[in-house]
Amino acid sequence: MRLTRSLIPTLKENPAEAQIVSHRLMLRAGMIRQQSAGIYAWLPLGQRVLSRIAAIVRDEQNRAGVQEILMPTIQSADLWRESGRYDAYGPEMLRIRDRHDREMLYGPTNEEMVTALMRDNVQSYRDLPQMLYHVQWKFRDEVRPRFGVLRGREFLMKDGYSFDQDQAGAVASYRRMMLAYMRTFRRLGVRAIPMRADTGPIGGDLSHEFHILAPTGESGVFYDSAFEAIDLGSDSYSYERPEDLDAFFAQMTGLYAATDEKHDPAAWGQVAEADRREGRGIEVGQIFYFGTKYSETMGFTVVGPDGAKIHPEMGSYGIGVSRLAGAIIEASHDQAGIIWPDNVAPFRAAILNLRQGDAVTDGLCEQIYARLSEQDLGDQALYDDRPARAGEKFADADLLGHPWQIIVGPRGAANNQVELKRRETGERSELSLEDALVRVLS
RNA sequence: CGGGGCGUGGCGCAGCCUGGUAGCGCGCUUGUUUUGGGUACAAGAGGCCCCCGGUUCGAGUCCGGGCGCCCCGACCA
């Protein structure tokens, strides 16, 4: 993409309403614009990040054998009356009426709908287990939205649901999802730690929250420093071997990790003092096992092996996709701006033409841009072709946080040399065009 | 939902107390200049001063009522 053809409205100054760093940077980098309290439009840069996060989430769900579907945002109140949650949910639920005065709602989650789908289409234990997910916008009418996309009212979420014929199967599904989650967060370039959690309004008795460590996190967290050393979501585990899932689960839950709500001072005391870590975390995912809560209230049964009807055991699994965009920035930024992990960066590299209009730098930049955009990377390079000063281009590139900056100035360009800067480390090196491309593409 | 604050060009703000032609910085446009970390100079464009009503010869400013947004707390993926 050429910057002169892009809607990337960067801001030099901090908007007054943004208090925390991810909110400020998302506004300044032109990723989002607020439309109402807690409701945001995603501009091209933000949308790219959202897409890249969602793509990784989808890929890991698919790898884990979860099937993607797409359920609507608008749901019928009657569906929620079946589970009893229409009255239980409270003012967080956005309730609306259609032209026939039918009661509808903008879904805050989809347990009821997915249970109804299964109920209407699955009759036998032979059809289980099943795991389904979708990536869809949700709405929760928070009393006080804040922190930009970290605490919005409208948010993009991956929510998944598992259906098993017995509890052992449900626990296996739960462990499978825990592995999928750890792999997902690892690929997103963040370190998330699974913490024992309260089950909240969804109910049940087995639940973990996944927290990214960041000083601005909403919860206090306590964890064993061993989490910092192990390979979270290691590829050595296989979904195909139940013993692997058990071993993985044992590794994740064998170490102490809890949010302040679930903190257990006695157990904490068992952790060696040198290994105790306290900090703050941003919740980016949560997994629940909740048994037959919905299959019972909503009358979902299948015929079991002995001919008797059984209520499937269920679990649900969420990842906050839009929240992750903010959370990753909270965990990865510096004074100058965002530092995108390679896998979620909206553009892999920026090409900075320090003297737009100069035949030599223009030519070299076009050559690099053609290579990166048309051949090797697809649309993954942002060419700063504005007739602007060098300082402005440097500042914007740092703000937007591209992993690589390919800096083309008149000095080096004459010798086919460019400067390659790694955003994360600030490391710069003078290289030939070909060597620079090799490093960006590696 | 309790407490506090703010709505004035795209962004950040002053002006309001004490009513009298709407200002500053950044950004934007044009020209010159500069040319490796937001250059300098000059000339411009751009504002229903959140909305409605009232007071007044006259309201951004005073009064009443709405609406929106932010912050602290409680709450929350």
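Heavy atoms only: backbone and side chains are in, while hydrogens, waters and symmetry mates are out.
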Does a side-chain N-to-carboxylate-O contact under 4.0 Å join A/Asp78 and A/Arg81? yes

Could you tell me if A/Arg175 sits above the aromatic ring of A/Phe249, with its cationic atom closer than 6.0 Å to the ring centre and no more than 45 degrees from the axis? yes

Would you say the side chain of A/Arg151 and the base of B/C75 hold a donor-acceptor pair, judged only by whether the two atoms sit under 3.5 Å apart? yes

Please state how far atom NE2 in A/His23 lies from atom P in B/C70, giving the value in whole angstrom units. 8 Å

Protein and nucleotides 44-47 of chain B: nitrogen or oxygen contacts under 3.5 angstrom:
none

Name the nucleic acid region contacted by A/Glu142, choosing base, sugar-phosphate or nothing; use a 4.0 angstrom heavy-atom cut-off, strictly under. base

From CD of A/Gln286 over to P of B/A77, roughly how many Å is that when rounded to an integer? 7 Å

Regarding A/Lys421, tell me which of base, sugar-phosphate or nothing describes its non-hydrogen contacts under 4.0 Å with the strands shown. base

Does the pair A/Glu366/A/Arg371 count as a salt bridge with the N-to-O cut at 4.0 Å? no

Rounded distance in Å - CD1 (A/Ile282) to P (B/C76): 18 Å

Whole-Å distance between B/C1 C1' and A/Arg146 CZ? 13 Å

Earlier contact from the 5' end, RNA chain B, for A/Ala18 and A/Ala395: A/Ala395

Answer yes or no as to whether B/A77 has its base stacked against A/Phe155, where stacking requires a ring-centre separation under 5.5 angstrom and planes under 30 degrees apart. yes

What orientation do A/Tyr383 and A/Tyr369 show, parallel under 30°, tilted 30 to 60°, or perpendicular over 60°? tilted

Between A/Lys293 and A/Glu111, does any side-chain N to carboxylate O distance fall below 4.0 Å? no

Before accepting this row, confirm whether a basic side-chain N of the pair A/Glu142/A/Arg140 lies closer than 4.0 Å to the acidic partner's carboxylate O. no

Take atom P in B/G20 and the same atom in B/G58, then report the distance between them in whole Å. 15 Å

When we call it a touch if two heavy atoms are under 4.0 Å apart, what does A/Gly152 touch: a base, just sugar-phosphate, or nothing? base

Applying a 3.5 Å limit to both distances, which nucleotide forms a Watson-Crick or G-U wobble pair with B/A40? B/U32

B/G2 -> Watson-Crick or G-U wobble partner, both distances under 3.5 Å, gives B/C72

Cationic N near anionic O, under 4.0 Å, A/Arg323 to A/Glu154: no

Does this structure show an ion pair linking A/Arg423 with A/Asp342, if we count only N-O contacts that are shorter than 4.0 Å? no

Check A/Arg5 with A/Asp385, please: is the shortest side-chain N to carboxylate O separation under 4.0 Å? no

Would you tell me if any nitrogen or oxygen in the side chain of A/Lys12 comes within less than 4.0 Å of OP1 or OP2 on B/G27? yes

Could you work out the separation of B/C72 and B/U30 based on their C1' atoms and round it to a whole Å? 48 Å

For B/C72, does OP1 or OP2 lie under 4.0 Å from any side-chain N or O of A/Arg144? yes

For A/Gly320, answer base if it contacts any base atom (sugar-phosphate contacts may also be present), sugar-phosphate if it contacts only those atoms, and nothing otherwise; contact means non-hydrogen atoms under 4.0 Å. nothing

Can you tell me how the ring of A/Tyr89 sits relative to the ring of A/Trp80, calling it parallel under 30°, perpendicular over 60° and tilted otherwise? perpendicular

Roughly how many Å apart are B/C17 and B/U61, using the P atom of each and rounding to a whole number? 9 Å

Identity of whatever pairs with B/U56 - Watson-Crick or G-U, under 3.5 angstrom: none

Could you please name the option among B/A74, B/A77, B/C70 that lies closest to any side-chain atom of A/Val143? B/A74

Using a cutoff of under 3.5 Å, can you pull out all pairs of nitrogen or oxygen atoms linking the protein to nucleotides 28-34 of chain B, with atom names and distances?
unit_1, atom_1, unit_2, atom_2, d
B/U34, O2, A/Arg389, NH1, 2.3

Could you please name the partner base of B/C24, counting Watson-Crick and G-U wobble pairs only when both distances are under 3.5 Å? B/G12

Quick note, salt bridge (charged side-chain N to carboxylate O under 4.0 Å, His left out) partners involving residues 59-68 of chain A, not counting sequence neighbours, are A/Arg58-A/Glu68, A/Asp59-A/Arg187, A/Glu60-A/Arg63, A/Glu60-A/Arg187

Does the Lys NZ or Arg CZ of A/Arg439 fall within the cation-pi geometry relative to A/Trp404 - under 6.0 Å from the ring centre and within 45° of the axis? no

Please determine if a side-chain N or O atom of A/Gln34 lies less than 4.0 Å away from the OP1 or OP2 oxygen of B/C70. yes

What distance, rounded to whole Å, do you find between the two P atoms, one in B/G9 and one in B/G3? 30 Å

Rounded to whole angstrom, note down the C1' distance from B/U56 over to B/G12. 34 Å

Qualifying salt bridge (charged side-chain N to carboxylate O under 4.0 Å, His left out) pairs with a residue from residues 10-28 of chain A, counting only residues at least two apart or across chains: none

Calculate the interatomic distance between A/Ile20 atom CD1 and B/C71 atom C1'; express it in whole Å. 13 Å

Rounded P spacing from B/C51 to B/G27 in Å: 29 Å

Nearest-angstrom distance, C1' atom, B/U8 to B/G15: 9 Å

Using the C1' atom on both, measure B/C41 against B/U33 and round to a whole Å. 8 Å

Could you tell me the separation between the CG atom of A/Leu399 and the C1' atom of B/G38, rounded to a whole number of Å? 12 Å

Could you state the OH-P distance from A/Tyr40 to B/C69, rounded to the nearest angstrom? 10 Å

Holding to side chain to side chain contact (heavy atoms under 4.5 Å, CB included), I want the full list of residues that pass it with A/Ala414, two or more places apart in sequence or in another chain. none

Given that A/Thr10 and A/Arg153 both sit by RNA chain B, which one's nearest nucleotide is further toward the 5' end? A/Thr10

Whether A/Arg85 and A/Glu112 form a salt bridge (side-chain N of Lys/Arg under 4.0 Å from carboxylate O of Asp/Glu) is what I want to check. yes

Strictly under 3.5 Å: I want the nitrogen or oxygen pairs between protein and nucleotides 10-16 of chain B, one per line.
unit_1, atom_1, unit_2, atom_2, d
B/C11, O2, A/Glu13, OE2, 3.4
B/G12, OP1, A/Ala16, N, 2.9

Whole Å only: how far is the CD atom of A/Gln19 from the P atom of B/C71? 5 Å

With a 4.0 Å cut-off on heavy atoms, is A/Glu209 in touch with a base, just the backbone sugar-phosphate, or nothing at all? nothing

